[in-house]
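Have a look at the structure below before the remarks.
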Number of protein chains: 2
Amino acid sequence: MADSTRPPTPPGSPRGPEPRYGNRPTMKDVAARAGVGLKTVSRVVNGEPGVTPDTERRVQEAIESLGFRRNDSARVLRKGRTASIGLVLEDLADPFYGPLSRAVEEVARAHGALLINGSSAEDPEREQELALALCARRVDGLIVIPAGDDHRYLEPEMKAGVATVFVDRPPGRIEADVVLSDSFGGARAGVAHLIAHGHRRIAFIGDQPRIHTAVERLRGYRAAMEDAGLVIDDSWVALGSTAPERVQEAVKSVLAGPEPVTAIFAGNNRVTVTAVRVLAGHDQRVALVGFDDIELADLLGITVIAQDAAALGRTAAERLFRRLDGVNDEPSQVALETVLVPRGSGEIPPPS
Amino acid sequence: MADSTRPPTPPGSPRGPEPRYGNRPTMKDVAARAGVGLKTVSRVVNGEPGVTPDTERRVQEAIESLGFRRNDSARVLRKGRTASIGLVLEDLADPFYGPLSRAVEEVARAHGALLINGSSAEDPEREQELALALCARRVDGLIVIPAGDDHRYLEPEMKAGVATVFVDRPPGRIEADVVLSDSFGGARAGVAHLIAHGHRRIAFIGDQPRIHTAVERLRGYRAAMEDAGLVIDDSWVALGSTAPERVQEAVKSVLAGPEPVTAIFAGNNRVTVTAVRVLAGHDQRVALVGFDDIELADLLGITVIAQDAAALGRTAAERLFRRLDGVNDEPSQVALETVLVPRGSGEIPPPS
DNA sequence: ATGAAAGCGCTAACAA
DNA sequence: TTGTTAGCGCTTTCAT
């Protein structure tokens with residue numbers, strides 16, 4: 001009865017495909033070892049009541065000596081909840097998404113859930129592939145930072161009960177909760193700041209136009225210029241990849257020619273970083289305001305429109321868990337405020 | 001036969017605990033809908049051969065109209081492999097770990113696996129809790145950046161077949177693969193660099209002494225000083241939390257008194273950032289070399305010992321998958337080289 | 001080419 | 001307090 005080895009092959013039963021998991025012990029093994037029933041082991045493992053201290057001790061001993069660990073896959077299969085949520089973001093290596101992901105993780109942890117995150121690398125197909133893989137693993141909920149602009153592929157999943165919240169950018173062609181930063185308002189305020197400091201020729205260098213935030217920020221730029229009665233020259237606006245080479249090109253371009261811009265509004269942190277590098281090598285002082293705060297921007301005197309990445313993540317996660325707790329109201333749309341942080345670069349006056 | 005609804009409650013069978021998953025369709029449902037056997041659906045879903053094009057089409061239609069998605073939990077239960085690996089790190093919001101995690105993710109992706117990562121927040125208990133939770137979910141492998149110094153709790157898991165690789169810091173009281181940066185050599189080179197530029201009184205401000213890299217870097221500092229025949233004053237060395245307040249205090253302290261240090265070696269990126277801030281407000285110019293590269297450090301002219309976080313992650317992940325592919329040699333220990341990047345702050349001479 | 005039946009490890013329901 | 005049974009959704013085996 002108290003045999004510590006498991007029969008290598010349950011005789012008479014079709015054996016598994018291959019030596020799985022180096023033969024992990026199961027509750028059945030623990031039960032045999034402790035000389036109790038299967039359900040009793042289950043009770044002990046899950047801290048359910050109705051087990052005498054003595055039995056519990058015996059079971060615990062068996063667990064330890066066998067090195068048993070509950071198989072959550074089996075548990076999930078039975079219970080229907082995985083206590084895990086998925087986060088699809090663009091790139092974990094981007095300093096903007098790290099804090100966002102961490103904030104989501106903390107909320108998940110507070111709800112006893114694990115976070116699985118994956119990077120879409122700004123590729124819509126990969127976004128879809130990832131999101132669906134997470135659904136196949138039956139995450140209870142999904143937080144998505146869209147790379148693509150059509151999320152109808154998530155409809156069956158959402159109908160099937162996968163709570164879904166979009167962050168940073170709105171979903172395409174589907175109704176769902178969204179948590180955004182006020183890109184339009186932030187950009188408008190930033191550009192207005194430059195105008196207030198005397199600038200009239202201001203460039204906008206941003207991300208690719210299929211990205212919602214890029215378009216919104218451009219819209220904010222246009223609004224601020226229009227508010228001031230300024231006409232935008234097409235050559236001042238450059239949307240595209242945020243790869244350093246492209247941005248470098250764009251910055252140099254708006255600074256060239258007989259009538260260069262005197263100020264630049266950078267559409268996100270990647271653009272700002274490269275712009276700062278280019279401007280550092282430029283002979284003329286050029287004003288700069290960037291969207292997104294950056295580490296050490298204070299020391300470099302970079303004026304920014306700061307958004308709170310952690311707050312974005314936290315808000316989205318809280319919304320998600322509210323849904324998982326059964327709240328079933330209309331899809332909501334939240335826009336978090338941005339903050340203008342003047343540090344010097346945005347207050348440089350135009351050359352007189 | 002081609003009925004699109006599933007009986008709400010399988011009659012005569014004890015029904016499940018609650019309306020699971022908003023009633024997700026299963027292969028059985030798809031089979032009924034398509035008028036084929038269960039196994040045929042399985043074949044189609046998994047792209048196995050032995051299905052006529054016509055049958056396949058019917059099954060595909062049923063899948064789409066039902067919004068079926070394979071339940072990977074059930075699959076895992078049968079197959080024994082989850083095609084997922086776990087990564088336990090310190091803090092995803094730290095710009096050092098973002099790229100590391102991303103690199104691991106890419107390798108995992110190349111091997112068809114998903115990455116689940118969690119932050120230990122530098123808390124040994126939380127590290128263990130997380131690692132074991134990942135094991136309960138039967139990740140195929142585990143990459144751990146240790147917070148604690150005793151990893152015997154992983155022994156049963158490793159015995160049970162969970163491939164395990166440690167990164168950035170070695171494991172405690174257990175034999176396993178490790179991928180490190182050469183902290184000792186890097187710190188030694190950095191401090192030697194300061195000495196070569198004329199410094200004699202050099203401070204070391206680092207992380208908590210229970211963290212391996214902190215100790216190694218301190219050892220490198222001591223070695224460089226000794227190489228130069230310099231005696232270290234105890235007041236020059238400060239180990240502890242990397243919270244800005246603590247570091248600020250430490251920096252101010254080594255710069256105070258009648259014989260302040262003329263140079264500082266910062267033990268990691270968090271320390272460097274705060275040190276730079278403090279030094280920016282200091283009237284005397286003080287040399288600084290920091291361990292870890294930092295974004296925009298080039299513009300601020302910060303001399304650093306750079307380690308390649310992505311390479312650490314990549315190397316560890318490759319090692320892990322080699323193990324998962326069945327390679328079973330001795331635990332290996334790899335140390336990646338660091339690079340001294342002179343940018344100005346490390347070349348400031350002592351005041352004469 | 002297709003399907004029926006067994007069972008992966010666990011929990012829910014129901015005895016005992 | 002404890003154990004027995006059925007079945008979660010899938011894959012495997014073996015028959016047809």
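Just so we're clear, the structure is a prediction, and the values are computed from it rather than from any experiment.
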* Residue A:Val36, side-chain atoms from C-beta onward, closest of C:dG3, D:dG3, D:dT11 -> D:dG3
* **Side chain proximity check, A:Glu90 to A:Ser119, heavy atoms < 4.5 angstrom** => no
* A:Arg102: what forms a side-chain hydrogen bond (donor to acceptor under 3.5 Å, both in side chains) with it, not counting sequence neighbours? -> A:Glu106, B:Asp91
* Assign each of B:Lys39 and A:Lys28 to its nearest nucleotide of DNA chain C by heavy atoms, then name whichever residue's nucleotide is nearer the 5' end. => B:Lys39
* **Atom-to-atom span, CG of B:Asp29 to C1' of D:dC8 - whole angstrom** => 13 Å
* What nucleotide, of D:dC10, D:dC8, C:dC8, holds the atom closest to the side chain of B:Leu77? -> C:dC8
* Please identify each residue that fulfils side-chain hydrogen bond (donor to acceptor under 3.5 Å, both in side chains) with B:Thr315, with sequence neighbours left out. => none
* Nucleotide of D:dG9, D:dT11, C:dT11 approaching A:Ser42 most closely (side-chain heavy atoms) -> C:dT11
* Not counting sequence neighbours, which residues clear side-chain hydrogen bond (donor to acceptor under 3.5 Å, both in side chains) with B:Arg57? List them please. => B:Asp54, B:Glu61
* **Partner residues of A:Arg43 under the salt bridge (charged side-chain N to carboxylate O under 4.0 Å, His left out) criterion, sequence neighbours left out** => none
* Asked: Among C:dT11, D:dT2, D:dC8, which nucleotide sits nearest the side chain of A:Thr40?
  -> D:dT2
* **Spacing between A:Leu38 atom CG and C:dG9 atom C1', to the nearest angstrom** => 8 Å
* Asked: Are any non-hydrogen side-chain atoms of A:Thr82 and A:Arg137 less than 4.5 angstrom apart?
  -> no
* Any residue meeting ring-ring contact (aromatic ring centres under 6.0 Å, His included) with A:Tyr97, in chain and number order, not counting sequence neighbours -> none
* To do: List in chain and number order the residues that pass ring-ring contact (aromatic ring centres under 6.0 Å, His included) with A:Phe68, two or more places apart in sequence or in another chain; answer none if no residue qualifies.
  => none
* Asked: Can you check the A:Met27 CE to C:dA12 P distance for me, whole Å?
  -> 11 Å
* To do: Give a yes or no on whether a donor-acceptor pair under 3.5 Å exists between the nucleobase atoms of D:dG7, that is its base, and the side chain of A:Arg78.
  => yes
* To do: Check the distance between D:dG9's P and B:Arg24's CZ and give it to me in whole angstrom.
  => 11 Å
* Asked: Which of the following nucleotides, D:dT11, C:dT11, D:dG9, is nearest to the side chain of B:Arg70?
  -> D:dT11
* To do: Using a cut-off of strictly less than 4.0 Å between a heavy atom of the residue and any atom of DNA chain C, enumerate the qualifying residues of residues 44-62 of chain A by number.
  => A:Asn46
* **Overall bend - the helix from C:dA1-D:dT16 to C:dA16-D:dT1, comparing terminal axes fitted on five pairs, nearest 10 degrees** => 30°
* **Residues forming a side-chain hydrogen bond (donor to acceptor under 3.5 Å, both in side chains) with B:Arg152, sequence neighbours excluded** => B:Asp150
* Establish, with yes or no, whether the OP1 or OP2 oxygen of D:dC8 is under 4.0 angstrom from a side-chain nitrogen or oxygen of A:Lys79. => no
* Measure distances between side-chain N and O atoms of A:Arg43 and base N and O atoms of D:dG3, and say whether any donor-acceptor pair falls under 3.5 Å. => yes
